[in-house]
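The structure appears right after this line, and notes come after that.
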Amino acid sequence: MTPAIDLATKAGISFTVHEYHHDKNAPSYGEEAASALGLDPNRVFKTLLVSSDEKSPPLAVALVPVNHQLSLKCVAKAIKAKKLVMANPQLAQRSSGYLVGGISPLGQKKQLPTVIDASAQEFDSIYVSAGRRGLEICLAAEDLAKLCRGSFAAIKS
């Protein structure tokens, strides 16, 4: 079990967990998950941490489909920040409690502002990391938003 799975279990939501063999040489963790599980990459979302020089919020979480890039401008607008950059990987790991490539939006050490790309709402369910490389959790986008107190916005480029 991971903190992400524990959180979903305690919340009583409907979800499934999918495990696959993680190849440490895979160039993209998210695309590896989609391919290994035979999923539409538009339904598999990568969890990215972004950082601001401003005091509030210093870090935020953004989720986009694995086959898309994140628009930092759009995330900044969604969380009302002036400018964002990708968070330092070590900072992302310390803040979330997860290793890069297995960072889940669920069960992080500290609740961060979270923005999920609006395309997630097109599907009955989406896949996100369950808290370690080679482990995905499938759940309704609305349930994900409730559990991480997230919002939806067009943030992919």
Side-chain angles (χ1 to χ4, degrees), residues 1-23 26-51 57 59-79 84 86-87 89 92-93 95-157:
M1 288 293 195
T2 66
I5 296 170
D6 291 343
L7 178 64
T9 301
K10 287 178 188 169
I13 64 158
S14 177
F15 69 92
T16 56
V17 175
H18 304 267
E19 193 164 9
Y20 61 92
H21 173 73
H22 165 63
D23 176 1
S28 166
Y29 298 113
E31 289 181 7
E32 176 195 24
S35 177
L37 296 172
L39 301 170
D40 174 354
N42 290 301
R43 285 184 65 200
V44 182
F45 283 69
K46 55 188 169 185
T47 306
L48 304 169
L49 270 69
V50 295
S51 156
L59 287 175
V61 176
L63 290 101
V64 294
V66 298
N67 58 342
H68 289 274
Q69 297 297 310
L70 177 66
S71 168
L72 290 168
K73 275 186 172 183
C74 292
V75 177
K77 182 178 177 183
I79 64 169
L84 296 172
M86 294 304 298
Q93 289 181 159
S95 173
S96 68
Y98 296 116
L99 293 176
V100 169
I103 295 178
S104 179
L106 302 171
Q108 293 192 10
K109 283 183 181 179
K110 184 178 178 185
Q111 183 75 52
L112 298 173
T114 301
V115 183
I116 306 162
D117 187 69
S119 65
Q121 296 173 298
E122 298 170 12
F123 303 101
D124 292 336
S125 61
I126 61 169
Y127 293 76
V128 297
S129 175
R132 72 175 159 81
R133 297 169 186 161
L135 195 65
E136 296 284 307
I137 185 169
C138 177
L139 69 169
E142 295 296 333
D143 287 337
L144 174 63
K146 286 177 193 167
L147 289 176
C148 61
R149 295 188 210 136
S151 60
F152 295 98
I155 59 170
K156 66 183 179 183
S157 60

Would you compute the distance between atom CD1 of Ile137 and atom NE2 of His18 and round it to the nearest 0.5 angstrom? 9.0 Å
Using side-chain heavy atoms (C-beta onward) and a distance below 4.5 Å, is Leu144 in contact with Leu63? yes
To the nearest 0.5 Å, what is the distance between CG (Leu49) and CD1 (Ile103)? 5.5 Å
Is Arg133 reaching over with its side chain to a backbone N or O of Val100, donor-acceptor style, under 3.5 angstrom? yes
Side chain to side chain contact (heavy atoms under 4.5 Å, CB included) for Met86 and Leu72? Distances and angles first, verdict last. CA-CA 8 Å; Met86 294 304 298; Leu72 290 168; 4.0 Å; yes
Would you find a donor on one side and an acceptor on the other, under 3.5 Å apart, between the side chain of Arg43 and the backbone of Ser125? yes
Euclidean distance, Leu106 CG relative to Asp6 CG, rounded to 0.5 Å: 11.0 Å
Using only atom types and a distance under 3.5 Å, with no angle test, would you say the side chain of Asp143 pairs donor to acceptor with the backbone of Ile13? no
Please examine the side chains of Asp40 and Phe123, heavy atoms only from C-beta on, and report whether any two atoms are closer than 4.5 Å. yes
Looking only at heavy atoms, which two atoms of Tyr98 and Ala4 are closest? And how far apart? OH-N, 3.1 Å
For residues 107-115, run the donor-acceptor check on the side chains, cut-off 3.5 Å, and write out each pair with its distance to 0.1 Å, sequence neighbours left out.
residue	atom	partner	partner atom	Å
Gln108	NE2	Ser104	O	2.9
Gln111	NE2	Cys148	O	2.6
Thr114	OG1	Leu112	O	2.9

Is Asp117 close to Pro65 at the side-chain level, that is, under 4.5 Å between some pair of heavy atoms? yes
Note: Ala154 and Cys74 closest approach over all heavy atoms is O-CB, 3.4 Å
Leu139 side, atom CG; Leu147 side, atom CG - distance, nearest 0.5 Å: 7.0 Å
In Å and rounded to the nearest 0.5 Å, what is the CG to OH distance from Asn42 to Tyr127? 13.5 Å
Taking atom CD as the centre, does Glu19 end up with more than 12 heavy-atom neighbours from other residues, nucleotides or ligands that are less than 6.0 angstrom away? yes
Has Ser35 got a side-chain atom pairing as donor or acceptor with Glu31's backbone, closer than 3.5 angstrom? no
Using atom types as modelled and distance alone, determine if a side-chain donor or acceptor of Lys46 lies under 3.5 Å from a backbone N or O of His68. yes
Minimum heavy-atom distance Ala62-Leu70, with the two atoms named: CB-CD1, 3.7 Å
Does the side chain of Val66 come within less than 4.5 Å of Glu32's, by heavy atoms? no
Using every non-hydrogen atom in the two residues, find where Glu136 and Leu37 come nearest and quote the distance to one decimal. CG-CD1, 3.9 Å
Are Val75 and Leu48 close enough that some pair of their side-chain heavy atoms sits under 4.5 Å apart? no
Inter-residue atom distance Cys138.SG - Ile126.CD1, 0.5 Å rounding: 8.5 Å
If I compare all heavy atoms of Tyr20 with all of Tyr29, which pair ends up nearest, and what's the gap? OH-O, 3.9 Å
Distance-only, no hydrogens or angles: does the Ser129 side chain make a donor-acceptor pair with backbone N or O of Gly102 under 3.5 Å? yes
Check whether any side-chain heavy atom of Ile5 lies under 4.5 Å from a side-chain heavy atom of Leu135, and answer yes or no. yes
How about Phe15 and Thr9: do any of their side-chain heavy atoms sit closer than 4.5 Å? yes
